[in-house]
Amino acid sequence: MSIDWKTYDPTPFYDELIAQRGRPRPAAKVLTDYLAGLDDEEIRARKKAAELAIIEMGISFTVYSEGENIDRAWPFDIVPRIIPLSEWRGIERGLTQRLKALNLFIEDLYNAQRIVRDKVLPEYVLAQSKNFREQCRGFSPPLGVWAHICGSDLVRDGDGTIYVLEDNLRVPSGVSYMIENRHVTKRVFPELFENTSILPVDEYPAQLFDMLAALSPRPQDYPTVVVLTPGIFNSAYFEHSYLAQRMGAQLVEGADLVVGEDDCVYMRTIDGLEQVDVIYRRIDDEFIDPEAFRPDSMLGVPGLMRAWRAGKVAIANAPGAGVADDKVVYAFVPDMIRYYLDEEPIIPNVPTWLCADKKSREHVIANLEHLVVKPANESGGYGMLVGPHSTKKQRTEFARLIRKDPRNYIAQPTLALSVAPTLCDEGLEPRHIDLRPFILQGVRTDVTPGGLTRVAMRRGSLVVNSSQGGGSKDTWIVDEEN
Amino acid sequence: MLSRVAERLYWMARYIERAENSARMVIAYHQLSLDMPRNTQLSWKGLVDVSGMEELFEERYQREDDRNCVKFLVADTWNPGSILSSLRSARENVRTTRDLIPTEGWEVVNELYLFARDNIDQGIAKRGRHEFLSEIVQRCQTLTGLMAGCMSHDAAYDFIRLGHNIERADMTTRQIDIGAERLLERRDETPEPYDGLLWTSILRSQSAFQMYRQHVKRRVGGPDVVRYLMQDGDFPRSVAYALSRSATALARLPRNEVPLRLAMEARRHVLDADVAKLIAKDGLHEFMDRLQQEIGTLHEAIATHWFPHAEAA
């Protein structure tokens, strides 16, 4: 299994570490040389060490199986993915620009709706948006920020261009794995950190806490910040408890909170009721308040929306922020950037056909075998059609679905997603990857240096979601000048 | 600290303590059964009575033999107090409080439950029973030690201590009540030479034999054993000791007036009891019964004071 870069061949794809067979990219040279110097046994030992570290550190995600939920060890590939700092600076600016525009958009949508009046966003998009919340109309949260935490998925196409594939503005997850991946890599390859200057990723929980604390409606030094989780059965529970722990915040469930007559939110503690200032919620809008949304929700807190609108508590992300987390709205983000910021988008969107448009729809249906079709409001890679990997039956079914509810579907060309060398049973092989950086917007905007690189572990697969067999890699932003 | 979390930690500790105590008790009884002469009938049902689950047992089993009783206490998932059920409940409680106890704590509990589940047949069979149960005791101790040594002794820890000690006090009173009381009643029927063995077994159920020998320095016998298990001020599994440790934990918690007073009262009643007199006048059972109720009331007070209920905002 020892590594010979001369036999590693990523063609026809863009490889993140290798420019062409036998020639690493400059930022990756230290790593590739190092790996080539390890023999079989050493590589196996590193892999084993990583697996052990993951189990010891209790990094897991939850899957449902046989009616019991089980923590699975996080699938991790030891070979890091590398992005040169010079390229990263541009991406960082692009992500900051994008989230700024998205927040202006959400604020506009719940208030004046200028963008609709000026016909930049067609009225039907708003009218049929599933995540637009009437309950938020006419409200403006502190700083005008709705989406405080955003996880945008980036992909690189065959020619090396980076695109934004989607923006996750509801309850994006994965950041804990980004941090833990680094801890594992430090244990496995400590030598490499001596000779390469890699941007640290540990700051995130502190930045998150500062951002959240600054939202506190009560001006004070130590606001009470809580993480609201749907509970142990949620697949991201590990992350909820991880972030709470790292921030020194309380991890609460809906039943721990209560809204008082005074519209303040309190948590039930052994000292009695204690006021809560900021809620980092990891529960979808529809479930946060049975009084305002789904009355059958057992996860939420009755009266929470009332407290939020009264300005007695801050909620991140704000209820209703998901309106911009819609694959149809996504298609308009470049226009938003021009409209609100009067700037050109720094990171392009993947070209997108909106099935609501008649001409596009016919084009999409005629070319299903070449396209990726996605429902507008799903996440986790569910309910999509990957044209080149589909059967005739699936395509017929999707044509029917699209005609039935055109607003709910978009299509994009199948990108030749970039690959990165990944340690598989057969040795080092190219596997498709994407990248989810996390962006925090509060008083200031912070972008994680890198993000979570997700890997489609199966050969040829493009699906990187952990719920569907994806794994992950540590992501290095490498400063080549130092 | 969240009320929900306090409740989960308290119960986690109680379940771990319950599993450990049950394991010790079955080990002790198992040893005893091997020593007793063939013609003596040793009733395993006594163990079921200690657990307070006689009704459930009778519903589920026909015969009160060794195998059924041990199965009920060790492996029966219908019995919420069985070792396996207790460990499962402890694990569920830790899963949801992982952010508060040391990371290794979760690993120990998780592995402990999986070990018990995967090797449960060993616990029921006569061969392997001792190893299996000893392993359970050891791993429970590992967890307790880990929390004592690696966790801030804050409110979270106080609720854990409380859970351990209330469960201990509860279990020891049951063992004295059922075990000793029966033994004292049946004194005439049991052949004299085995008396000592039976009392020893009761001590062993609390791992108290060695400490008893060191501190009491007398032949193992009725009133001394009861007095030791109830009133000894230094033995960590005596009722008085468990109650005073509960009081120490309670004293550190907010809004503690009622539960603290109840714990102190119960402790005082235990220390004031004249054991020899109670035994001589057949008053031991009645006394233990009252003490059980006091511990129950104490638990209730803890629950209403600190655990989540429909508390008006």
Side-chain angles (χ1 to χ4, degrees), chain A residues 52 54-60 62 68-71 73 176 180 224 226-234 237-276 301-303 307, chain B residues 1-10 77 88-89 91-111 113-114 117 151-152 154-160 162 249-250 252-257 259-260 301-313:
Chain A
L52 252 167
I54 286 169
I55 294 169
E56 272 176 35
M57 288 155 77
I59 311 167
S60 61
T62 313
E68 221 181 318
N69 63 328
I70 297 166
D71 278 344
S176 56
E180 289 293 84
T224 305
V226 301
V227 178
L228 176 59
T229 172
I232 189 79
F233 294 103
N234 187 275
Y237 184 79
F238 167 80
E239 176 155 307
H240 305 162
S241 72
Y242 181 91
L243 290 174
Q245 209 175 333
R246 288 302 165 97
M247 289 194 292
Q250 290 279 6
L251 180 65
V252 304
E253 293 173 16
D256 295 322
L257 300 181
V258 60
V259 178
E261 295 281 312
D262 55 0
D263 286 348
C264 292
V265 179
Y266 297 91
M267 59 180 176
R268 304 176 206 272
T269 76
I270 56 168
D271 300 284
L273 294 178
E274 187 182 318
Q275 191 174 344
V276 172
V301 186
Chain B
M1 175 182 201
L2 290 174
S3 298
R4 172 180 52 85
V5 172
E7 182 176 32
R8 288 184 184 167
L9 291 174
Y10 171 83
T77 47
R88 193 193 160 90
S89 305
R91 175 177 180 259
E92 285 315 299
N93 281 298
V94 178
R95 272 175 79 93
T96 44
T97 45
R98 266 167 85 170
D99 45 325
L100 280 178
I101 64 168
T103 315
E104 305 97 306
W106 157 249
E107 281 159 35
V108 171
V109 176
N110 190 32
E111 279 163 25
Y113 168 69
L114 295 177
R117 192 192 64 186
M151 186 173 168
S152 291
D154 53 8
Y157 188 71
D158 286 327
F159 279 102
I160 293 174
L162 211 47
L250 286 167
R252 292 161 41 94
L253 292 170
R255 305 185 297 150
N256 58 4
E257 299 78 9
L260 181 57
I302 291 168
T304 39
H305 264 69
W306 290 299
F307 299 161
H309 292 282
E311 187 179 347

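Convention: sequence-line order gives letters A, B, ...; per-chain numbering from 1. The figures here come from the full heavy-atom set of this structure, side chains too, leaving out hydrogens, waters and symmetry mates.
Proximity to chain A is limited to the side chain of B:Leu253, based on heavy atoms less than 4.5 angstrom apart.
What you find for A:Leu251 and B:Leu2 is that their closest heavy atoms are O-CD1, 3.3 Å. Of all heavy-atom pairs spanning A:Ile270 and B:Ala6, the tightest one is CG2-CB, 3.6 Å.
For the pair A:Thr269 (side chain) and B:Ser3 (backbone), a donor-acceptor distance under 3.5 Å is absent. Between the A:Arg268 side chain and the B:Arg4 main chain, no donor and acceptor come within less than 3.5 Å of each other.
Chain B forms the most heavy-atom pairs under 4.5 Å with one residue out of A:Met267, A:Glu274, A:Glu253, and that residue is A:Glu253. Considering only heavy-atom pairs separated by less than 4.5 Å from chain B, the leading option among A:Asp256, A:Asp262, A:Thr229 is A:Asp256.
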